[in-house]
Amino acid sequence: MTINTITKNYKTQFKGVLSVTVRALLDLLYPPRCPFCNRLLTPYDAGKINFMVAGSNVSGLERLLCRRCAEELSWIESSCPYCAFPLEEGKYHRCNGRKFSFQECCALGCYRGGIQETLHRFKYHGRKSLAEPLGKLLYKKIALEPWISLVEFIVPIPLSRQRLLQRGYNQASLLARVLGRELGLPVMEILERVKDTESQTGLNKSQRKENLRGAFRCRQEVPEGGHVLLVDDVFTSGATAHEASRALKEAGAGRVSVAVLAR
Amino acid sequence: MTRPLVLLTLSYVAGIILGRCFSPYIFILPAAAALLWALWNIFNQKNVVQVFIPLLLVFLVAGGLVYNYSLHKVRGNIRDYSGENCLLVGMVEDEPLWREDDVVFTLRSEKVRFREEEYSVNGRVRVTLQWKEKAEIPLDLSYGQKVSLRGKIYEPKGLRNPGGFDYQSFLETRGIAAAFYGPAAGVTFLGISKELSRLQLAAFKVRNRMSAVLRAYLPQREGNLLVGMLFGERSALDRETGQLFSQSGISHLLAVSGLHVGLVAGAIFLLGRRTGLQGWCTYLFVALLLFAYVYLCGLKPAAIRAFIMVLLAMGAVHLDRPGDFPTALAAAVLITLVYNPLLLFSVSFQLSYAATTAILFLTPLLQEKIAAILARLPFSFTLSPVKMISSLLAVTLAAQLGVIPLTAYYFRQVSLVALIANIFVLPVMALVLGLGLVSALLGLVWPLSGSLLNLANYPLLSYILFIARMFSALPFSYREVYPPRLTEIMLYYLFLALLAGGWRVLLSAYYRCKFRVRPFYFLVFLLLIALFVTWWGLPGIGSSTLEIVFLDVGQGDAIFIHTPQGQNILLDSGGKPAYMGNIDETGRLVVVPFLEYRRVKKLDMVIISHPHEDHYGGLFAVLDKIPVKRLVTTVELPETQSYGELLELAREKNIPREIVRRGDIFVAGPSLEIRVLSPPSELFNGTNSDSNNNSLVLHLRYKEISFLFTGDIETRAVDNLLKGEKILPVQILKVPHHGGYLSNLPQFLDSTAPRVAVITVGANSFGHPHPATLSALEDGGVEIYRTDFHGAVILKSNGYSWKIKTMLPFSSSLLINEMNKSGFILTCRETCSC
């Protein structure tokens, strides 16, 4: 080990300890609440204190959600590997005969109940800070996928400029940043919307598909054959992810995986 | 465990309380141990709970240590020089408060010149300079000046009597160690001190300019009120107005509180938005300006609390984290108490936090209830002003519920109209504050326009004064109450906490844990508690204790006797000689507060041993406040004027007066009797002091214990006692005449053989107690208690043995040392008249 790497190690370690300390202090002043039920978290919801570990997973004090929500929320345990549709034991899913331009998809839970409320708060009520626990939860889920070690970089689904100005932030890119930090991968915001599309809500499947056709474009070339992780908040019909991944593939991506919070 | 900061703060506060109760040295070892334990757990990567528990201990111990350290620092060594004339040099540390014939300010002491020698000292001193002529007024006094003063340093009086006022602790919470009195003519200016802080100087200058602008065209009363409201400068307000405000329950307007800081913060925030600041810049802008305001107001605890809570609330928005009120409150407590742990014992701190906590937890509950009541009324109450009033009502009611026990304890009065008065005043108050602040700021650049704008405040201020006057004039506006006991205050808050949702927490905790109580045992438990509380609450029933309290009234006697049958007897009532100021003072400040603290509803007997002011002076106040059944005095002698007035007052109140002499006996119960031993039917005549020698000498016997109260008798009367029938051996002797010289004291001690001697004595010029008296007592092997060293002496007896408690802790070895010293220093005079 050269001196350079040692000092670098110390630096990262120091940075890690510092960020843990700052976060612990903030947790002291603003006790963390469960993002789903808004109850205060108890230490029994917590992991172990881990001050000495530096680098990517310094978040030793992380407390994500309360036990009750962890038990009660509608997590997806087994799902269709292509479209993340939750499956019952032993059943097989044909994605309703659709073909997607991405290879696989992974979702945290079903879009209802606690997750739905939380996503609403995250998207429409300006609670940016929810990206942190949600992103970490998503990380825990996709870390179990077999393809995760192959992913080379992360791309969030973009918002249209008008919507971005309205909301002030892109929830997908916030999530992607958290994922990037956790996975140690670069986040590249290379997609952009060419069409100012209408809101997807209230449209049926075919309308959605039509609405989005050719909506995305890649700003720059993707490394030839690269494996991209596409991040979004909700996956309903899959039209958005399909269009975005097509754009990515046109720009040179080899394989596209999708990670979403809710299906 | 969900709010770690709240627990940490509570444990820190508990540490401070422990630190006040116990010696600081016991904290050091546990401190080290707890710290090591915490660090060990952190480095061994234990879980949060395992790290948190030692951390709690660390905070507990830190509380005790920090409290004692800051107490030590505040006290300094200035008190060592108290009691004698000296020259004091130091820096003026605040703006002097000018009054009718004196000026009060705080001085940071540097040097004392004392008996031709100079000592360097530290510690803050509250200085009072008095003048007789206008020419003597030291008008140049202001912050930062180094001055030299001529006068006397006094050690402030601590809690010397039950139910009394702890002046020492009061000053210490303000960082002041000692008091100083001197003539205004004795001031010499030594230029500007090098230690002054420019920031503080600027703050004082700005505040003075603002005050001048605000006062400019307003009548004095309104002007003072406005300045008082805006800067919390209560001292400038006259006593009468202050009383009006406290009686109508709106005196919180005069303390810079959350309301003030919140309003100012809102104004600054809007200003910041207007100027186009964004994000963290707004935050910094508001924080800085708000701190300037809080600093300008003199960093009062309530203002600091509000400041911290506003900062945290804004931080929550910026960090996009959910804000948490209890945690914010706890953070404010913690920061304030780290800054000055002594503040925990200050009235303003306690009132401020009690009110805020109550508002926090009770308002939602009350609002619900009030809304429900309003909804049931026949006419529609959905109008927004009515809604506003109902929320105002809820907040005020919550705050009142929170502070009632404290106001009852400290001020001994409870305002009954506070609720309504506040509703009338609070909205106007917001207007006054806003207008006042704008005109003060405007006045900084253009004084005339500021003052003119401020004129708009005049009707509003008159309105507030009118409300205060009207509500305090109502017959039921306030009630004077006995101060509640500590246990009662705690029970009250416990009840309030249960009401405010504590029961839900307890219930859920009960459901969560596996322990189950059978209803039968629960009933038994409740019954036991009820029994215990009644037993505790009614100490008179079933007890057979005689209690005698020798109050510390300075130089003078005041002895309170509570018989086992529940009768209350007051033997003398303290007082100051007329030439030493107000004759009434001792009664008002010591005797009456004590009787109220003991909840004495009536006095069955008041005995005046002889007509000297230091024995009857306090009775004026007592007669005013507490009904008296009988007045017992010695035989009529040539009276002083004020004694005549006293007898006249007693006659007006229809109190029967009895004159007693040797041989009379009062029986206060089956096993308790009081006999009069002196004066004989033939009065002493031509002695050193006939009134002293003709003092009543009382012999009190309770079962097998005897007490002898000797008043102020001198040699002749003692001789007479020795010659007369044999006095049975007594166990407890009140030493005659404040320990003055008695040539036949050894014989007297031989014949009475007391085990305990109590000397009621204070600072005096007569050389009391006389060294010969002390040595005679010591030779006789008598245990000595002195009210000047021990404070009040409380003696309890069951008729066979006794227990003695003193208000001040004073070890006996120290006592003997002090006695020797005082014996050397004080010049002795054999006789005196008082």
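Numbered from 1 within each chain, the chains take letters A, B, ... in sequence-line order.
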Do other residues, nucleotides or ligands put more than 12 heavy atoms under 6.0 Å from [X] [atom1]?
X	atom1	value
B:Tyr493	OH	yes
A:Tyr169	OH	yes
A:Arg167	CZ	yes
A:Lys123	NZ	yes

Can you list the steps and then say if B:Arg321 with A:Leu29 is a side-chain contact (heavy atoms from CB on, under 4.5 Å)? CA-CA 10 Å; B:Arg321 271 167 175 264; A:Leu29 285 177; over 6 Å; no
Smallest separation among heavy atoms of A:Pro31 and B:Pro322, with atom names: O-CG, 4.4 Å
For B:Leu312, does its backbone N or O pair with a side-chain atom of A:Tyr30 as donor and acceptor, under 3.5 Å? yes
Report the distance from atom CG of B:Asp320 to atom CG of A:Leu130, rounding to the nearest 0.5 Å. 7.0 Å
Roughly how far, to the nearest 0.5 Å, is the CG atom of A:Leu28 from the CG atom of B:Asp324? 11.0 Å
For B:Ala331, is it the side chain, the backbone, both or neither that has a heavy atom under 4.5 Å from a heavy atom of chain A? side chain
